Amino acid sequence: MRPGPIVAQALEIAVALAAAPLFLGWVNQCRAWLANRGAPSMLLPYRNIRKLFHKDAVLAENASPLFRIAPYIVFGTMVVAAGIIPSLAGRLPLVVAADAIALVGLFATARVFLSLAAMDVGTAFGTLGARREMMIGFLAEPALLMVIFVASLISATTALPAISAHLASERFTIDPSLAFIGVAFTLVLLAENARIPIDNPATHLELTMIHEAMLLEYSARHLALMEWASALRLFNYACIGFALFVPWGIAARDIGPFGLTLSIPVLALKLAAAGGGLAVIETVSAKLRIMRAPEFLASAFLFAVLGLLVHVLLGGA
Amino acid sequence: MIASLSSPLPDCLALVTAWLAIGIAGLARPRSVRYAGRTLFVVGALVALALAATAVWSLIGGATQSMVLPIGLPDLPFHLRLDPLSSAFLLLLGAAAAGVSLFSAGYFRDSDGMAPGLLCLQYHVFLASMGLVLLANDAYAYMVGWELMALSSYFLVTTQHRIAEIRAAGFIYLLMAHVGALAILLAFGILQGGSWQFTFDAMRAAHLSPAWAAGAFLLALAGFGAKAGLVPLHVWLPEAHPAAPSPVSALLSGVMLKTAVYGMLRVAFDLLGHPVWWWGLVPLAAGLLTALYGVVFAAVQTDMKRLLAYSSIENVGLLFTGLGLAIVFYGTSMPALAALALLATLYHSLNHAAMKSLLFLGTGSVLHATGQRNLGRLGGLIHRMPWVAGLTLVGTLALAGLPPLNGFVSEWLLLQSFLFADQIPRAFVDLLIPLGAAVVALCAALAGYVMVKFYGVIFLGQPRESSLAHAHDCSLLERVGLGWLAALCLALGLAPAQVVSALTPVTRQLTGSATAQGASWWLLAPVPARAVSYAPLLFLLAGAAVVALTVLLVRLFYHRRVRHARPWDCGFGEVSPRMQDTAEGFGQPIRNIFQSFFAIERELPTPFDAAPRYRIAIHDRIWLGIYQPIAGWVRRLADVVAGLQQGRIAAYLLYSFATLVLLLAVVLAT
Amino acid sequence: MSSSAAREKVVTDIPLDQQLLNACAALLLLLSFAMLSQRRIVSLVSLLAVQGAVLAAATLLIAWRTGEGHLYFSAALTIALKVAFLPWLLHRLIRRLQVYWDTEPLLNISATMLTGIVIVVFAFGLAQPITHLASTATRDAIGIAVAVVLLAFLMMITRRKAMSQVIGFLSMENGLFFGAMSATYGMPMVVELGVALDVLVAVLVLGVFFFQIREQFDSLDLHHLERLSERR
């Protein structure tokens with residue numbers, strides 16, 4: 001294999017690693033502006049992660065090895081996912097390893113390990129968080145899968161770069177089912193990244209937590225990895241959204257220096273817009289009661305299924 | 001293609017007979033655990049390994065061999081045949097049985113209710129009968145094997161026959177097995193097509209009218225569905241699996257359910273020859289319903305083996321979904337896609353055999369170590385039983401369908417074949433079938449939920465009972481058995497291209513078409529027209545590299561200091577193990593969301609109870625709605641018939657006399 | 001896969017205006033589903049207004065495509081009535097009656113939506129033979145029109161509050177209008193005007209009714225009307 005693709009692959013992962021906390025910081029900043037608060041620095045997530053890495057890790061006495069290895073696995077899956085999703089370029093070496101379905105499986109792996117780790121110490125909040133996370137996951141995962149399924153039907157492949165390239169080239173045929181999966185995807189993105197209608201990323205009230213409740217027992221470097229992983233997850237979801245709905249500006253064929261240098265500012269632009277949009281959604285909506293969360297996600301799932309039907313009816317023969 | 005050197009069929013026959021011999025040898029010293037348990041089971045495992053190897057060899061050769069065995073009734077010899085389809089399932093049988101037998105060698109003890117020698121006999125007869133079912137080439141041999149399988153497994157299920165519930169479970173199992181066998185027998189009756197030859201060769205040659213063929217297909221579906229646990233014929237499964245000793249549950253779930261899938265494939269694609277496309281809709285719909293039903297029920301179980309039994313129902317549903325999809329594709333002349341769907345089914349059969357056996361054996365170890373099957377009394381076993389916990393984790397993740405393990409591969413293949421469903425050239429059906437993918441996706445995600453519950457409640461957290469502190473890890477032989485199955489899960493997950501190419505002769509035999517081979521040995525790319533691929537090895541390497549690099553970098557740049565402290569108690573002060581989610585608690589969201597599936601019986605304490613008790617029982621609506629009324633009718637009918645019993649000889653003689661006269665009158669009239 | 005290649009060709013051959021029309025049709029369906037999943041009456045009214053706007057856009061598209069003058073007029077009518085006037089009226093009613101929320105629907109939202117999916121499959125299946133009969137370029141949308149009508153029906157069945165019933169009624173009218181348009185490029189002008197007038201009058205009368213119902217029962221919950229049954 002020529003060195004070019006591998007360098008491009010490494011660059012894509014490096015950009016993801018670097019940009020993910022920044023994106024999170026940007027969303028927080030937008031939220032603060034919209035709420036008329038003084039905004040924290042966009043670099044705050046970096047400082048947090050750095051601070052946490054320097055601290056001593058405190059483990060619960062009855063934590064098992066699973067608890068210690070889980071942050072690395074969760075972080076690892078998110079990094080691999082970042083390598084698969086075409087954020088800067090298509091046709092990268094890792095892309096043949098996993099298509100979009102495998103990507104959903106990768107997210108599921110992270111979720112399962114996160115939940116298992118949360119159950120490991122055996123505190124009330126840990127198991128509560130794990131249960132809620134799995135509840136959200138079991139509806140969000142098929143919804144995401146159906147979103148990808150519809151996109152795959154449109155472009156006759158499940159490889160994400162190929163889907164993205166197809167959608168970018170054939171955009172003059174408006175496929176109405178994209179509207180449905182767009183709605184479904186937005187709902188899934190909010191739920192899977194512990195954003196506001198489902199979970200409040202800034203909450204410190206244990207009873208309403210989902211994601212944070214699972215991390216209660218983590219500290220120091222483990223927590224840093226978990227935080228970084230969740231920032232990466234948000235970034236990854238945003239990039240999946242770009243690949244499906246705004247697929248322009250990804251270096252599909254040209255993965256030389258020129259193509260990549262062009263696609264980085266495009267990505268930055270998309271991220272800035274997406275972060276602003278996310279902040280608006282979070283600001284205007286109120287957190288749902290946890291009992292309403294399944295309804296929210298069932299809607300996402302059913303919207304995606306509806307997209308499938310509409311595609312077969314209208315996009316088809 | 002006749003390989004003169006290789007003769008896998010006689011080898012297979014010899015190995016199956018060897019199982020019988022081992023079983024009978026067990027009777028020599030029936031009370032000795034060391035002899036019947038430790039020694040013979042290990043020999044049985046070696047036989048299983050040899051069988052698996054022979055099956056692989058035969059599969060790669062791709063040859064079909066048949067022979068006639070002059071035993072049985074006069075003029076009714078056993079016809080045997082080894083073709084790729086039976087080889088694939090013999091491989092499944094051998095590979096799974098090897099692990100289960102090794103585990104059993106360390107598992108069975110004197111106190112398990114039945115003499116070890118007797119257990120050894122039944123166990124090996126069970127294995128041999130499954131072998132016979134897979135090798136049979138006429139209805140007679142098939143039914144002998146099938147009934148032998150049902151009977152031997154019945155005795156194995158009721159090993160602890162002193163417990164009333166287990167006897168009841170065994171009864172339901174036997175009843176359903178016989179209802180199913182009846183349907184299969186009738187299906188064979190139709191399939192012979194007027195030639196009155198009951199060899200499979202005659203059935204292949206028979207020409208059936210479309211109505212009869214459909215009838216045979218539906219009867220076979222009912223019969224094999226009853227064996228596999230297709231809703232609404234599933235009721236025996238969650239009763240029988242938990243009742244049996246764990247290695248037997250592993251065989252029942254891992255292997256025996258697959259013989260039903262084998263039978264269905266044999267009838268639909270081989271004996272009937274050309275399935276009509278709409279037949280496929282029936283197993284497809286039933287499979288999807290079964291999958292959803294099974295996984296939803298699995299999520300609310302509190303008994304770990306019942307949970308796994310319901311999860312088996314889910315997986316059987318997925319198998320029949322793939323089978324139905326294959327028939328629809330085949331019937332609408334898309335053989336390449338039929339091969340893809342069929343491949344998903346076969347692959348998932350192998351996967352499920354490995355992972356479900358592994359998990360059932362894991363519960364066996366837990367059961368031996370703690371004496372508890374109730375999830376509410378377990379917890380924290382990862383500290384006490386690291387081997388079992390570690391190996392079971394592999395099965396758990398595999399069953400949850402996570403890459404890069406094996407469960408994911410077959411799920412991936414199934415979804416890939418669903419992606420073509422919109423091309424089915426039948427109006428309305430092309431609209432309906434893609435919806436099946438949504439159900440499959442939902443089931444796969446729910447399976448993750450179930451597995452987190454299973455593993456988290458048993459192995460993680462704090463022990464919910466103080467007696468769990470004395471739990472011990474499993475013995476060496478048990479570890480080897482578990483390890484073999486875990487290795488199978490890994491191998492099936494990491495080398496999909498090899499497994500697919502090994503299974504290709506089967507799809508070629510059944511559909512006349514094969515899925516494409518990937519360009520490289522590490523890449524699975526079954527659909528050449530679409531740029532789809534999956535390379536678990538690369539995937540795993542990338543993941544492992546990232547994890548290793550992260551660990552290294554963190555240690556290099558920072559430190560590895562760790563302090564230990566008590567878990568955060570939110571300032572409450574007293575955190576007790578009882579504050580963890582119970583199995584009921586973890587299943588609560590599913591219970592709420594899928595309320596309409598269950599008949600829930602709940603007792604809530606009032607706020608002023610001095611000793612509050614919470615009780616919940618979840619019943620199967622199908623059991624209450626279909627089976628109980630039927631049982632009621634049967635009982636009433638039996639009461640009516642019981643009126644015939646007079647106790648007087650004269651009355652009985654009168655019955656005989658009346659019957660005789662009636663028969664003579666019939667003869668006269670005709 | 002030759003068939004998929006052939007199909008892709010078909011897809012790209014569809015002219016742009018028809019694609020836009022299909023997109024409008026899909027949006028109508030999307031909005032119907034959004035209404036099914038919505039509990040807040042205020043949002044329901046907004047969704048209805050958006051649905052009206054999409055309908056007007058679709059009408060304009062067809063008008064532009066076919067050059068039928070009366071369709072421009074009907075689009076203008078749609079905007080005036082369904083995007084501006086009726087939503088304004090409904091918002092005013094909501095304020096006056098103080099009904100911002102629907103109570104818990106008869107069937108929970110997820111089950112309603114699941115039923116909705118079944119209805120959509122049914123409608124699409126139903127429309128497939130009709131689709132082959134119709135000669136208009138917009139025939140693909142017939143299934144969607146049928147689905148929108150049935151979904152509106154479903155909403156009316158599962159809601160308790162009189163207000164959401166009216167909204168369901170209006171949404172149903174949208175579906176009918178769209179169906180007529182896609183099957184035959186719209187109804188004759190007289191019929192259209194008549195229907196518009198009917199809708200207007202119906203809503204006005206219902207508005208009066210609301211006040212009367214509340215006067216009588218102190219609530220707009222329709223289960224109170226069950227008391228009017230003869231059998232009690």
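Convention: sequence-line order gives letters A, B, ...; per-chain numbering from 1. Below, all heavy atoms of this structure are taken into account, side chains as well, without hydrogens, waters or symmetry copies. These numbers come from a predicted model, not from an experiment.
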What residue in [options] has the most heavy-atom pairs under 4.5 Å with chain A?
options	result
B:C443, B:G585, B:G587, B:A299	B:G585
B:M451, B:R578, B:Q588, B:H564	B:H564
B:L442, B:I590, B:L538	B:L442
B:P386, B:S576, B:P434	B:P434

Measuring heavy-atom distances to chain B, does [X] have an atom under 4.5 Å in its side chain, in its backbone, in both, or in neither?
X	answer
A:M135	both
A:E61	both
A:V79	side chain
A:I101	both
A:I84	side chain
A:L225	side chain
A:L145	side chain
A:T109	both
A:F301	side chain
A:A63	backbone

Distance in Å, [X] [atom1] paired with [Y] [atom2], rounded so as to fall on 0.5 Å steps:
X	Y	atom1	atom2	value
A:R131	B:K453	CZ	NZ	11.0 Å
A:T158	B:Q416	OG1	CD	4.0 Å
A:M134	B:F586	CE	CZ	6.5 Å
B:L419	A:I148	CG	CD1	11.0 Å
B:L549	A:F75	CG	CZ	9.5 Å

*Can you say whether the rings of B:Y449 and A:F138 are parallel (under 30°), tilted (30 to 60°) or perpendicular (over 60°)?*
perpendicular

*Going by heavy atoms in the side chains, are A:R111 and B:V452 under 4.5 Å from each other?*
no

*asked:* When you compare the side chain of A:Y72 with that of B:V554, does any pair of heavy atoms fall below 4.5 Å?
replied: yes

*Check B:G456 against A:L116 and note the closest heavy-atom contact, atom names and distance.*
N-CD2, 4.1 Å

*Just one of B:D581, B:T582, B:L460 clears the side-chain contact (heavy atoms from CB on, under 4.5 Å) bar with A:T127, so which one?*
B:D581

